[in-house]
Amino acid sequence: MTVPSVPSPARSAASVRPLRRLAALLGLVVVAILAFAPAAFGHAYLTGSEPFRDEVFRTGQPDQVVFKFNEPVEAQFGAVRVFNVAAERVDEMKIVRPEGNEKHLAVDLKPGLPKGSYTATYRLVSYDGHVITGGMLFHLGERSADGALSVASVVGGDGGGTAIDTAFAAVRALDYAAIALALGAIVFLVLCWIPGLRSVAGGDHRWREGSEAYGRRAGFLLLAAVNLGLATSALGILIQGAIVSGQSFWAALESNVVREVIDTRFGTVWGIKLLVWLSLGAVLLATPRPVPVLRPVSLGADGHMLSRLGGSRMALLLVPAAALTALPALSGHPSSTDPSTLLVPLDIAHVAAMSVWLGGLVA
C-alpha cells in the first residue's frame, strides 16, 4: 500500500518565503514610484508674469502685461485687465497671445500712463473648463500714496458660488450616467440580445411575447438616456456660463454669455455632445420599434424570426454612442496635460469600460 506524501511544514514555509520577498519588493517599488512622482495639479496655474509682481519702473512703462500659465488657457470673458487706483481700465481691451503661445495671454497698455500703482488681473478658463483667477501689482516711477486696488476687489470670485458648483458636479455625474446607459445598453443589445434572439427564433409564441416586452423596456431605456444626455449637455453649457462669468444661472442665459461659452474648448465639445445626442435620438425615433424583437413568419409552417434590419440598426447606433465616450477626454485634463497622446486614449478606454459594464448591467 502506497501512502501519499504530505509536505512538511518546513518545506511549505520555504516555498512561501520567495512569494513574500516578491510581494515586499513590489511594495517597495510602488512606494518609490509614489514618493518620487511629480506633483499633480488639478487646473492651470500661473508660472510667471511680465512685469513681475510688485515690479517698479523708475523710467518709462511696459508696452503690455503678460500672464504665463503651465497649460493652454481660454481668452474669453474679459481675460486680462489692468486698472489704475481709480478703478479705470488702462489697457487697450484686446487680448493677444505673444508669439502665438496658447499658454500666454497679454493685453497692451495705453501709452503715456502717469506715475503710480496699477493692478493687473486675469479671470480665465483653462482647457478643462475650470475658472482660474488672480493678478499682481506693478508701479510706474513710485507707488501711489493712497495705495493700489487689491486684486480681490477687481477680479471677483473664481466661480458662481457653492450652489452652482454643486449643480455643475451633479450635471457632470448625470452626463456620465447618460453615456453609460446609452453605450452599455447598445453593446448589450448587439452582443447579447440579438444573438440570443437568433438562437430561439424557432420557439413558440412565448418567446415573441417576451422579446416584445423586453424590446419596449429597452427602447424606453435608450430614449431616457438620450433625453438625459440632451438635458445635461444643455445645462452644462448654461451652468459653465454662470461659473466663468461669475453671474447667476439666470443671468448667464443671455445670448452673449452662451456665445462666449461655445467659443471655449469646453463649450465646443459640449455643443458637439448635444448634436451627437440629437443624432442618436433621431436614429431611435426613425422607427417605431428601435430594439429588435421576434416577429411571426410563415414559411410552410408558423414560426418566428428576428425583425428585419434590427441588427443593422443597432450597429448604426454604436457610432454616435461610441463618439460620446471620447468627448469627456476632449473637454477635460487628458487633452490639455502631457502626455495627451497617452492620456486621451486611456480616458476614452476608461469611460467605455465603465459604460459597457454599468450600462450593460442595467440593460
Measuring only between side-chain heavy atoms, which start at C-beta, is E55 closer than 4.5 Å to E50? no
Are any of the side-chain heavy atoms of V283 and P320 separated by less than 4.5 Å? no
Student check: side-chain heavy atoms of P51 and Q61 closer than 4.5 Å: no
Could you name each residue pair satisfying ring-ring contact (aromatic ring centres under 6.0 Å, His included) that touches residues 93-120, not counting sequence neighbours? Y118-F138
Which residues pass the side chain to side chain contact (heavy atoms under 4.5 Å, CB included) test with V319, sequence neighbours left out? none
What is the ring orientation for F168 with F266, classed by angle as parallel under 30°, tilted 30 to 60°, or perpendicular over 60°? perpendicular
Might you confirm whether atom CG of N227 has over 12 heavy atoms from other residues, nucleotides or ligands at distances under 6.0 Å? yes
Could you pull out the closest heavy-atom pair between S117 and H139, with the gap in Å? OG-ND1, 2.7 Å
Check: T119 side chain, F83 main-chain N or O, donor-acceptor pair, under 3.5 Å: no
For V56, is there any backbone N or O sitting under 3.5 Å from a side-chain donor or acceptor partner on R143? no
Parallel, tilted or perpendicular: rings of F69 and F67 (30°, 60°): tilted
Quick check: do L327 and I179 have side-chain heavy atoms less than 4.5 Å from each other? no
Any heavy-atom pair between the side chains of Q64 and V107 that's under 4.5 Å? no
Heavy-atom side-chain proximity of L46 to M136 below 4.5 angstrom: no
W193 side-chain N/O to G215 backbone N/O, donor-acceptor pair under 3.5 Å: no
What are the two closest non-hydrogen atoms of M354 and A180, and how far apart are they? SD-CB, 3.7 Å
Could you tell me whether a side-chain N or O of S233 sits under 3.5 Å from a main-chain N or O of L230, the two making a donor and an acceptor? no
Within a strict 4.5 Å, meaning less than it, do heavy atoms of the P62 and L140 side chains meet? yes
State, with a plain yes or no, whether a side-chain heavy atom of L183 is found less than 4.5 Å away from one of L324. no
